[in-house]
Amino acid sequence: MKPLVVGNWKMHGTQHEAVALAREVLKGLRGRRRVDVVLAPPFTALGPVRKTLRGSALRLAGQNVHWEEQGAFTGEISAKMLRELGCHFAIVGHSERRRLFNETDQTVAKKLAACLRSGLRPILCVGETLEQRNAGATRRVITRQLRIALKGMTKDAIEKIEIAYEPVWAIGTGRNATPEQASRAHATIRRMLKKLFGTKRAEQTRILYGGSVRADNAGELACAREVNGLLVGGASLKAKDFLSIIGNFS
Ligand code: 13P
């Protein structure tokens, strides 16, 4: 399975800065074909970054998406609009969206379905809080998030979905999960996928790890069991660090 590294730029960067960063990443990547690389700039920069990436193998992702195709939803963006801007992927259910913008497992499920209807590959994020981990509820939380988000999906839908395990306590804290912790959570996810979609499909699904991935810890996370790629926040804003992270897979 081809690994996938995603740079989630969150709410950082003007169009000018975004284009400069995309250019640097693109330049540094020349010739690397053994890893899929996806950039998720802010919505405002999608158009300009798309032009920068034209003709390359780099792909774009939206950081969020609404479940309706259009309508009176002030401030939202649809899957169709993201497709029009050149996105192939969308991040769905990021913990910052769940925590700060009240997204629930149910709305995450609707967003996931909207992506699939429009031909966007969703990157479905799941992960537990520190309280949940300390209470021994990690497995329960992750399987609930997956079960609700993936409810009613046809068996082959999973071929169009990426999963990201992002423990909330590791995001932006400088405290990454250990490779062992990541492997365990990924194995839980894989088991759940097998139950829902069958062994063969589940084994082909990419499960990314995200949460304080840096140039100095990406190596051990990249080769941890069941880790098929990385979802990088802060470190993806520096081309040199992001390229070094990607370098672990190519
Ligand atoms: P950091 O890499 O900054 O911890 O963010 C991770 C993340 O949320 C990626 O989606």
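Remember, it's a predicted structure, so these values are computed and weren't measured experimentally. Note that ligands are numbered from 1 as they come in the structure, with each ligand's atoms numbered from 1 the same way.
Taking every non-hydrogen atom of Glu166 and a distance limit under 4.0 Å, the qualifying atoms of ligand 1 come out as 6 (C), 7 (C), 8 (O), 9 (C), 10 (O). If you number the atoms of ligand 1 from 1 as listed, the ones under 4.0 Å from a heavy atom of Asn8 come out as 9 (C), 10 (O). Close approach to His94 involves these atoms of ligand 1, each under 4.0 Å from a residue heavy atom: 7 (C), 8 (O), 9 (C), 10 (O). Ligand-side atoms of ligand 1 in range of Leu231: 9 (C), 10 (O), range being under 4.0 angstrom from any heavy atom.
To the nearest 0.5 Å, atom CZ of residue Arg191 and atom OG1 of residue Thr188 are 4.5 Å apart. Put simply, CD on Gln204 and NZ on Lys2 are 15.5 Å apart, with the number rounded to the nearest 0.5 Å.
Distances from atom 4 (O) of ligand 1 to the heavy atoms of Gly172, Gly174, Gly233 show the closest one on Gly172.
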(request) Begin with the C-alpha distance, continue with both residues' side-chain angles, and end with the deciding distance and a verdict on side chain to side chain contact (heavy atoms under 4.5 Å, CB included) for Ile163 and Leu146. (result) CA-CA 9 Å; Ile163 311 279; Leu146 286 172; 4.1 Å; yes

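Here Glu84 does not pair with Lys80 in a salt bridge; the nearest charged N to carboxylate O distance is not below 4.0 Å.
Distances between N or O atoms of Val232 and those of ligand 1 include no value under 3.5 Å.
Distances shorter than 4.0 angstrom occur between a heavy atom of Lys10 and an atom of ligand 1. At least one heavy atom of Ala170 sits closer than 4.0 Å to an atom of ligand 1. Ligand 1 is approached by Ser212 to a heavy-atom distance shorter than 4.0 Å.
At least one test fails for Arg201 against the ring of Phe197: distance under 6.0 Å to the centre or angle within 45° of the axis.
Of the protein's non-hydrogen atoms, Gly234 N, 2.8 Å is the one closest to atom 3 (O) of ligand 1.
Side chains of Tyr209 and Gln181: a donor-acceptor N/O pair is absent below 3.5 angstrom, by distance only.
Take Asp105 and apply the side chain to side chain donor-acceptor pair (under 3.5 Å) test, not counting sequence neighbours, and it matches Arg98, Arg144.
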